[in-house]
Each structure stands twice: as structure tokens, then as C-alpha cells.
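As a basis for the values below, the full set of heavy atoms in this structure was taken, side chains included, without hydrogen atoms, waters or symmetry mates. Note that the structure is predicted; figures quoted are calculated from it, not measured. Numbers here are sequence positions counted from 1.
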Amino acid sequence: MPAQLTPEEVNEFLDSRPGWITFTSVGSDGYPHSVPIGYFRVDDAVYIGCRDRTQKVLNAQRNPKVSLSLESGSTMQDIKGILIQGDATVINTPDALLELTREAARRRGAPEAALPTEPPPGAAYIKVTPTKVISWDYSRPG
């Protein structure tokens with residue numbers, strides 16, 4: 001049985017950005033819609049940058065129940081991952097978009113002087129507020 005990650009370890013794992021996070025929403029046909037996408041974390045929320053009016057945005061607006069999954073490792077002995085179930089909020093107002101675009105640039109290491117002064121046209125962010133976090137770490141005993 002794998003060990004579970006503490007809340008601090010979950011945040012450290014998210015912040016280490018070992019790969020693309022998989023965002024899953026529910027389509028109008030009732031089927032899951034899963035896509036790998038870039039992300040960053042602020043406090044307990046996870047933000048996903050994307051284009052407005054895409055399928056994931058439309059799905060999140062229709063049904064805010066979404067999930068995120070992130071995993072690293074290549075053998076059973078080193079697999080570590082998290083599954084976040086949460087509520088999505090679509091952010092597409094200019095002021096909020098600019099704030100998040102600047103935060104995303106900061107997290108990529110951009111200096112303050114080089115931060116964007118306006119959001120990209122047609123952009124949106126999806127904020128995922130966790131309601132349940134499931135984790136696993138096969139590198140240590142449970």
C-alpha cells in the first residue's frame with residue numbers, strides 16, 4: 001500500500017511541476033473530457049491558463065465539478081501522484097486576467113520589469129478550488 005502525502009507535500013509536489021497536469025471536466029454528453037495543460041498554484045487553488053470559449057471552459061461553466069491529476073515516476077517503486085477533486089471557476093474579466101497572467105509570469109521567473117501589462121486577447125483561467133485531495137507515493141511504505 002502506498003504512503004499518502006501530507007498537505008505540505010502535496011503543495012511541494014504541485015510546485016515542483018513534474019509535468020503537465022491533467023484537467024478533467026464533464027462534457028455536455030456526460031462523458032469526461034481530459035486534457036494535459038500547464039498550471040500553477042496559489043495557496044490551495046490551482047490555476048489553469050487557457051483560451052476562453054474552449055471546450056474545457058464551456059464544460060466548467062456548465063458543471064463546475066472537475067478533477068486534476070498529476071503523477072511522476074516510471075516504475076512502481078517511484079510513482080507519486082495526486083488527484084484533486086474540486087470546483088471550477090472561470091476567470092475571464094480583464095483585471096483578474098491581468099493579475100493572473102502576471103502571477104504566471106512571476107512563477108516562470110520573469111522579472112517584475114518584464115511582467116505583462118495586459119492579458120493576452122481571448123485568454124481565460126480556470127481556478128480549481130479543491131474539495132478532496134487523494135495522493136499516493138509508492139517510494140515509501142504506507
Side-chain angles (χ1 to χ4, degrees), residues 1-110 112 114-142:
M1 189 113 220
Q4 292 185 351
L5 303 175
T6 66
E8 294 79 19
E9 289 171 326
V10 166
N11 287 342
E12 287 172 14
F13 185 61
L14 281 166
D15 294 344
S16 74
R17 301 177 62 88
W20 298 95
I21 205 159
T22 301
F23 174 79
T24 301
S25 57
V26 179
S28 60
D29 58 3
Y31 283 95
H33 176 81
S34 299
V35 293
I37 195 160
Y39 70 95
F40 63 94
R41 181 187 67 83
V42 176
D43 299 323
D44 289 334
V46 177
Y47 291 87
I48 297 163
C50 58
R51 306 290 300 161
D52 202 7
R53 310 293 305 156
T54 57
Q55 191 62 56
K56 62 189 143 302
V57 169
L58 297 173
N59 289 348
Q61 288 172 323
R62 186 177 39 257
N63 179 352
K65 302 296 182 199
V66 300
S67 68
L68 300 166
S69 65
L70 181 64
E71 191 169 78
S72 69
S74 58
T75 68
M76 194 61 159
Q77 290 74 33
D78 67 354
I79 291 175
K80 180 191 304 188
I82 57 172
L83 172 68
I84 298 172
Q85 296 172 331
D87 296 313
T89 304
V90 175
I91 300 167
N92 55 13
T93 60
D95 289 346
L97 280 174
L98 178 57
E99 183 180 326
L100 289 169
T101 300
R102 292 172 64 88
E103 184 60 31
R106 274 187 204 97
R107 303 221 173 209
R108 289 190 305 271
E112 286 294 315
L115 294 179
T117 56
E118 57 187 51
Y125 280 90
I126 299 173
K127 175 184 180 183
V128 178
T129 303
T131 57
K132 183 176 184 180
V133 177
I134 301 164
S135 65
W136 54 94
D137 184 351
Y138 282 91
S139 70
R140 57 185 208 221

- Task: Indicate the atoms forming the closest heavy-atom contact of Ala96 with Ile91, along with that distance.
- Result: CB-CG2, 3.4 Å
- Hey, does Asp137 have a side-chain heavy atom less than 4.5 Å from the side chain of Phe13? no
- When you look at Trp136 and Ile79, which way does the side-chain contact (heavy atoms from CB on, under 4.5 Å) test go after all the steps? CA-CA 8 Å; Trp136 54 94; Ile79 291 175; 3.8 Å; yes
- Task: Can you see which heavy atom on Asp52 is nearest to which on Asn92, and at what distance?
- Result: OD2-ND2, 3.2 Å
- Using atom types as modelled and distance alone, determine if a side-chain donor or acceptor of Asp78 lies under 3.5 Å from a backbone N or O of Thr75. yes
- Item | Minimum heavy-atom distance between Ala45 and Lys127, given as atom pair plus value | CB-CE, 3.7 Å
- Do Val26 and Asn59 have side-chain heavy atoms sitting under 4.5 Å apart? no
- Evaluate the criterion side-chain contact (heavy atoms from CB on, under 4.5 Å) for residue pair Ser69 and Ile82; output intermediate values, then yes/no. CA-CA 6 Å; Ser69 65; Ile82 57 172; over 6 Å; no
- Under 4.5 Å between any side-chain heavy atoms of Leu14 and Ile21, yes or no? yes
- Rounding to 0.5 Å, atoms CD1 (Ile84) and OG1 (Thr22) come to a distance of 11.5 Å
- Note on the structure: Distance col, row Gln77:CD vs Tyr138:OH, nearest 0.5 angstrom, shows 11.0 Å
- Would Arg140 and Glu9 count as a salt bridge (charged side-chain N to carboxylate O under 4.0 Å, His left out) if you check the C-alpha gap in whole Å, the side-chain angles of each, and the deciding distance to 0.1 Å? CA-CA 13 Å; Arg140 57 185 208 221; Glu9 289 171 326; 3.1 Å; yes
- Tell me, yes or no, whether the heavy-atom count around Arg62 atom CZ, taken from other residues, nucleotides or ligands under 6.0 Å, exceeds 12. yes
- Item | Candidate pair Lys56 and Phe23, rule side-chain contact (heavy atoms from CB on, under 4.5 Å), full reasoning | CA-CA 8 Å; Lys56 62 189 143 302; Phe23 174 79; 3.6 Å; yes
- Task: Taking the side chain as every heavy atom from C-beta outward, state whether Pro18 and Leu70 have any atom pair closer than 4.5 Å.
- Result: yes
- Closest approach of Ile37 to Gly49 (non-hydrogen atoms, all atoms of both residues): CD1-O, 3.4 Å
- Item | Main-chain N/O of Asp43 paired to Arg41 side chain as donor or acceptor, under 3.5 Å | yes
- Heavy-atom pair of closest approach, residues Ser135 and Val10: CB-CG2, 4.4 Å
- Message: Run the side-chain contact (heavy atoms from CB on, under 4.5 Å) test on Val66 and Thr24 for me, step by step, so that the C-alpha distance in whole Å, both residues' side-chain angles and the decisive distance to 0.1 Å come before the verdict.
- Response: CA-CA 6 Å; Val66 300; Thr24 301; over 6 Å; no
- Inter-residue atom distance Leu58.CG - Ser28.OG, 0.5 Å rounding: 9.0 Å
- Query: Is any NZ, NE, NH1 or NH2 atom of the basic residue among Glu99 and Arg106 found under 4.0 Å from an Asp or Glu carboxylate oxygen of the other?
  - Reply: no
- Message: Strictly distance-based, threshold 3.5 Å: is any side-chain N or O of Ser67 a donor or acceptor partner for the main-chain N or O of Gln85?
- Response: no
- In terms of the angle between their ring planes, are Tyr125 and Phe40 parallel, tilted or perpendicular, with boundaries placed at 30° and 60°? perpendicular
- Return the minimal non-hydrogen interatomic distance between Val57 and Arg51, and the atom names on each side. CG2-O, 3.6 Å
- Note on the structure: d(Ser25 OG, Gln61 CD) to nearest 0.5 Å is 11.0 Å
